[in-house]
Every structure is written in C-alpha cells, then in structure tokens.
Visitor: 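My structure is below; once you've seen it, I'll send some questions.
Indexing begins at 1, ligand by ligand and atom by atom, following the structure's order.
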Amino acid sequence: SAQGAERLMNLHPMWQGPLAVPGGDRQSPIDIVVRKSVLDTELKPLKTTYDPKTCQQIWNNGYSFLVEYDDTTDKNTLKGGPLQDTFRLCQFHFHWGETNDWGSEHTVDRRLFPAELHLVHWNADRYSLFEEAVMEDNGLAVIGVFLKVGKRHEGLQKLVDALPTIRHKDSVVEFTCFDPGCLLPANTDDYWTYHGSLTTPPLTESVTWIVMKQHIEVSHDQLAVFRSLLFTSAEEEVQKSMVNNFRVQQPLRGRTVRSSFT
Ligand SMILES: NS(=O)(=O)c1ccc(C(=O)NCc2ccc(F)cc2)cc1
Ligand SMILES: [Zn+2]
C-alpha cells in the first residue's frame, strides 16, 4: 500500500535529509491525478535520438545504479514534447521497491508501480555542463517510464547481467553498446508533463518532467536482480539491500499537470 511505502520511506536512513526543500513549491515526485490534468494541444511528439556507441559505464552510486553516456556531443538528444531546446542524455537510472507492490516515484491516481525508469537530459542549447544546467529552471528534462512485472524485457537483460558486477556502492564497470531507446514504450506520444525537481538531494527545481502514459514490462526475475544490489560499500560490515530507493510524493502546490492526449 502507499501508506506502507510512505511509512517505510520516512524511516529509511537515506531520507533523513531535507524531505522538502524549504520554500520548495515545485518538488517531485507527485501523484498525477488524471482527471485534473489539462490537455495541451500545443504539446508535440517527443523526438529522441540515442547512439548506443556513446554508452560508457554502469555504476552503483549508493542509491541506484546509473548507466552513463558521453554527453560532450549532440549524439543523444531529446527534443520536442514540451521542450523548446535540445537536451542531451547524460544518464539513466531506476527506482524500485522491496516488493512488486510499490517502488515507483510518480503515481497515477495513487497507483504505484513496482519501479520507474528516469532518463536524465540537460539543456545543451543554454548550458555547457550538466552541473550548470541542474541549477537552472529550464536546465533538465527527465523522461519517466513506469515498469510493470510481466514478460521478460529482452533489451534490459544486458543491463541485468551487469548488475552482479556492481553490487556494492561506488563500484563501476565499463558498459558499452546499450540503446536507451529500447527502454521506451512503443507509444511515446502520450505523456504527462509538469515542472518539478530532482527527487534526491540537492532536490533542485530544474526539471521538466515528462512521464510516459504507457509502461514497459520486465520479468519478476529481472526486477529481483535490481534488489540484489547493495546500498553499502564493500568495506561496511552490515550490508543493506538496495530497495525502496524512491521519494514519497510531494505536494502539487497549485501546479498544473498537462497531458499530450485525452
Ligand atoms: N531521480 S531524478 O531523475 O530526479 C535525479 C536525476 C539526477 C540526479 C543527479 O544527477 N544528482 C547528482 C548531482 C546533482 C547536482 C549536481 F550539480 C551534480 C550531481 C539526481 C536525481
Ligand atoms: Zn530518478
């Protein structure tokens, strides 16, 4: 249940930090109330161009695992949708629960998904580094994709097979030739979009969120491998399973969630 997840979340040591940025009125994630979202006919289809050859490494940063791309050129771009500028992919990562009953950060009419994928892009038309863009209103664009447990995701398996090599915090391995586009749902024309924040510290309010209506399916076993990762580094005595690495939903504070579809 959401309550169970919430109670659990607030206990977790990882979240003793600032759960809400003081004065933060555009925090993420949020619950997307479908009937309150507003159709915006000006919203365009998303345009993504990803080059699998620019995939560089996969690593455990102690709260998720990240697949990082070379973002020094315009090889991996996101345009269109609600965006005016061209954004560059720098990394993607996931959030998940300890059971299939919860794990996503965003919810749709309070519905929780077992996991959520985030493809993180920064505004390369206006800034020259991610670190710069992350401090600016229109600096980042993150695509959120819900995961459901069902059939095995063939494209995900290469990534799942690499996870046992980065079990501990701060472990990094080379990871090449991975097309992040294979993790997008078939239909990327239907999405919700709103202005929000990073969902982990520093929680900066610089993100245009684009949350896909259509989910992707992964198998129970594939998701179980996510849960075999550890929050803790190899040196620590007590090993903690990397699960429930999601933030609880934040107040909407009068924001409008726009939809690209009816
Ligand atoms: N879950 S999410 O998609 O919202 C998200 C995306 C990226 C980051 C991130 O890069 N943090 C490190 C960071 C933050 C600011 C910096 F300036 C440098 C590194 C955090 C959360
Ligand atoms: Zn995330």
Visitor: Using distance alone, determine whether His95 and ligand 1 share an N or O pair under 3.5 Å.
Guide: yes

Visitor: Applying a 4.0 Å heavy-atom criterion (strictly less than), which segment of Tyr63 is in contact with ligand 1: side chain, backbone, both, or neither?
Guide: side chain

Visitor: Please compare Phe92, Phe94, Phe130 and report which has the shortest non-hydrogen distance to atom 13 (C) of ligand 1.
Guide: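 The option holding the nearest heavy atom is Phe130.
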
Visitor: For ligand 1, is any non-hydrogen atom under 4.0 Å from Val134's backbone (N, CA, C, O), its side chain (CB onward), both, or neither?
Guide: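 The answer is the side chain of Val134.
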
Visitor: Which option, Thr204, Thr199, Leu203, Ile143, owns the non-hydrogen atom nearest atom 2 (S) of ligand 1?
Guide: Thr199

Visitor: Between Thr77 and Leu89, is there a side-chain heavy-atom distance shorter than 4.5 Å?
Guide: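 Side-chain contact under 4.5 Å: no.
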
Visitor: Quick test: of every protein heavy atom, which one is nearest to atom 21 (C) of ligand 1, and how far off is it to 0.1 Å?
Guide: Thr200 OG1, 3.2 Å

Visitor: Test side-chain hydrogen bond (donor to acceptor under 3.5 Å, both in side chains) on Ser37 and Tyr194 and set out the steps.
Guide: CA-CA 10 Å; Ser37 64; Tyr194 76 98; over 6 Å; no

Visitor: Look at the rings of His215 and Phe113 and say which category their plane angle falls in: under 30° parallel, 30 to 60° tilted, over 60° perpendicular.
Guide: tilted

Visitor: Pull out every atom of ligand 1 sitting under 4.0 Å from any heavy atom of Val120, numbered as shown with elements.
Guide: 3 (O), 6 (C)

Visitor: Determine whether Leu184 and Leu119 make a side-chain contact, defined as any pair of heavy atoms from C-beta on separated by less than 4.5 Å.
Guide: yes

Visitor: Return the residue, atom name and 0.1 Å-rounded distance of the protein heavy atom closest to atom 14 (C) of ligand 1.
Guide: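 Here the nearest protein heavy atom works out to Pro202 CD, 3.6 Å.
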
Visitor: Starting from atom 5 (C) of ligand 1, find the nearest protein heavy-atom neighbour and note its residue, name and distance.
Guide: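 For this ligand atom, the closest protein heavy atom is Leu198 CD2, 3.8 Å.
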
Visitor: For a 4.5 angstrom cut-off between non-hydrogen side-chain atoms, does Trp96 reach Val243?
Guide: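 Trp96 vs Val243: side chains touch.
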
Visitor: Report the angle formed at the Zn ion (ligand 2) by atom ND1 of His118 and atom NE2 of His95, rounding to the nearest 10°.
Guide: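 ND1 of His118, the Zn ion (ligand 2) and NE2 of His95 span an angle of about 100°.
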
Visitor: Which ligand 1 atoms are under 4.0 Å away from a heavy-atom of Gln91?
Guide: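 Those of ligand 1 that fall under 4.0 Å from Gln91 are 7 (C).
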
Visitor: One residue to check: Ser28. Relative to ligand 1, which of side chain, backbone, both or neither has a non-hydrogen atom less than 4.0 Å away?
Guide: neither

Visitor: CD of Gln222 to CD of Glu154: how many Å apart, nearest 0.5 Å?
Guide: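 Taking CD in Gln222 and CD in Glu154, the distance rounds to 7.5 Å.
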
Visitor: Does Asp31 offer a backbone N or O that forms a donor-acceptor pair with the side chain of Arg110 under 3.5 Å?
Guide: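 No, because the side chain of Arg110 does not come within donor-acceptor range (under 3.5 Å) of the backbone of Asp31.
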
Visitor: Contact between Ile58 and Phe178 at the side-chain level, heavy atoms closer than 4.5 Å - yes or no?
Guide: no

Visitor: If you measure every N or O of His93 against every N or O of ligand 1, does any of those distances drop under 3.5 Å?
Guide: yes

Visitor: Can you tell me how far the OH atom of Tyr69 sits from the CZ atom of Phe175, to the nearest 0.5 Å?
Guide: 7.0 Å

Visitor: As an exercise, identify every atom of ligand 1 less than 4.0 angstrom from a heavy atom of Trp209.
Guide: 3 (O), 4 (O)

Visitor: In terms of the angle between their ring planes, are Phe92 and Phe94 parallel, tilted or perpendicular, with boundaries placed at 30° and 60°?
Guide: perpendicular

Visitor: Answer with side chain, backbone, both or neither: which part of Met135 has a heavy atom less than 4.0 angstrom from an atom of ligand 1?
Guide: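 None of Met135 does.
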
